[in-house]
Amino acid sequence: MTSTPSPSSLDPDIAARLKRSADGLVPAIAQQYDTGEVLMLGWMDDEALHRTLTTGRCTYWSRSRREYWVKGDTSGHFQHVKSVALDCDADTVLVKVDQIGAACHTGARTCFDADVLLKEDLEGDFNEGLLKEGADSSTPASDQ
């Protein structure tokens with residue numbers, strides 16, 4: 001990550017707790033603060049986390065473009081930060097946000113709607129297999 005500023009302005013106490021991947025990143029899960037809906041997964045390094053904590057807007061590190069991006073700057077689909085937490089191992093960040101518009105780059109509300117692999121039906125049974133988008137979610141795609 002040659003574009004990453006060094007050193008980061010992240011609080012040293014927080015930085016010391018983080019467990020990063022080999023490339024210095026931690027996964028950051030964005031969740032709608034009031035409904036619990038999981039919206040997307042992005043990646044943060046120390047500086048992206050610092051910017052998220054200090055600006056109140058989610059900043060991620062783009063692994064493909066190798067640069068920082070603030071959710072909503074180009075799309076208008078902003079993520080206003082309500083809280084930020086580390087998981088028990090300090091290797092994942094949970095960012096609770098107020099999502100304005102779509103969270104997914106495809107234009108969908110969440111990145112986790114299209115390819116449901118397993119879903120419990122109304123009777124408590126599980127249905128395995130990819131479900132067709134827009135199909136009755138209680139019936140596997142192979143049965144339609």
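Keep in mind that this is a model prediction, so the values were computed, not measured.
Side chains of Leu94 and Lys96 form a contact here, defined as non-hydrogen atoms less than 4.5 Å apart. Between Thr110 and Gln99 the shortest side-chain heavy-atom distance does not fall below 4.5 Å. By the 4.5 Å heavy-atom criterion applied to side chains, Trp61 and Arg66 are counted as neighbours.
Closest approach of Val38 to Phe112, counting heavy atoms only: CG1-CE1, 3.7 Å. Nearest heavy atom pair, residue Tyr68 against residue Glu47, reads OH-CB, 3.1 Å. What you find for His77 and Ala102 is that their closest heavy atoms are CB-O, 3.0 Å. Nearest heavy-atom pair across Ala30 and Gln79 is CB-NE2, 3.7 Å.
Here the straight-line distance linking atom CZ of Arg20 with atom CG of Asp46 works out to 4.0 Å at 0.5 Å rounding. For the atom pair CD1 (Ile29) and CG (Asp87), the distance works out to 8.0 Å, reported to the nearest 0.5 Å. Summarising the geometry, atom CG belonging to Asp45 is positioned 12.5 Å from atom CZ belonging to Arg63; distances are rounded to the nearest 0.5 Å. One distance of note links OG of Ser9 with CZ of Arg51; it measures 9.0 Å at 0.5 Å rounding. With values rounded to the nearest 0.5 angstrom, Ile100 atom CD1 is found 4.5 Å from His80 atom NE2.
Cluster partners of Met40, using a side-chain heavy-atom cutoff of under 4.5 Å among ILVMFWY residues and allowing indirect links, are Leu10, Ile14, Leu18, Val26, Leu39, Met44, Leu49, Leu53, Tyr60, Trp69, Val81, Val84, Leu86, Val93, Val95, Val97. Within the hydrophobic cluster formed by Ile, Leu, Val, Met, Phe, Trp and Tyr side chains joined at under 4.5 Å, directly or through other members, Val70 stands alone, with no partner residue.
Using a 4.0 Å cut-off between charged side-chain N and carboxylate O, Asp34 and Lys82 make no salt bridge.
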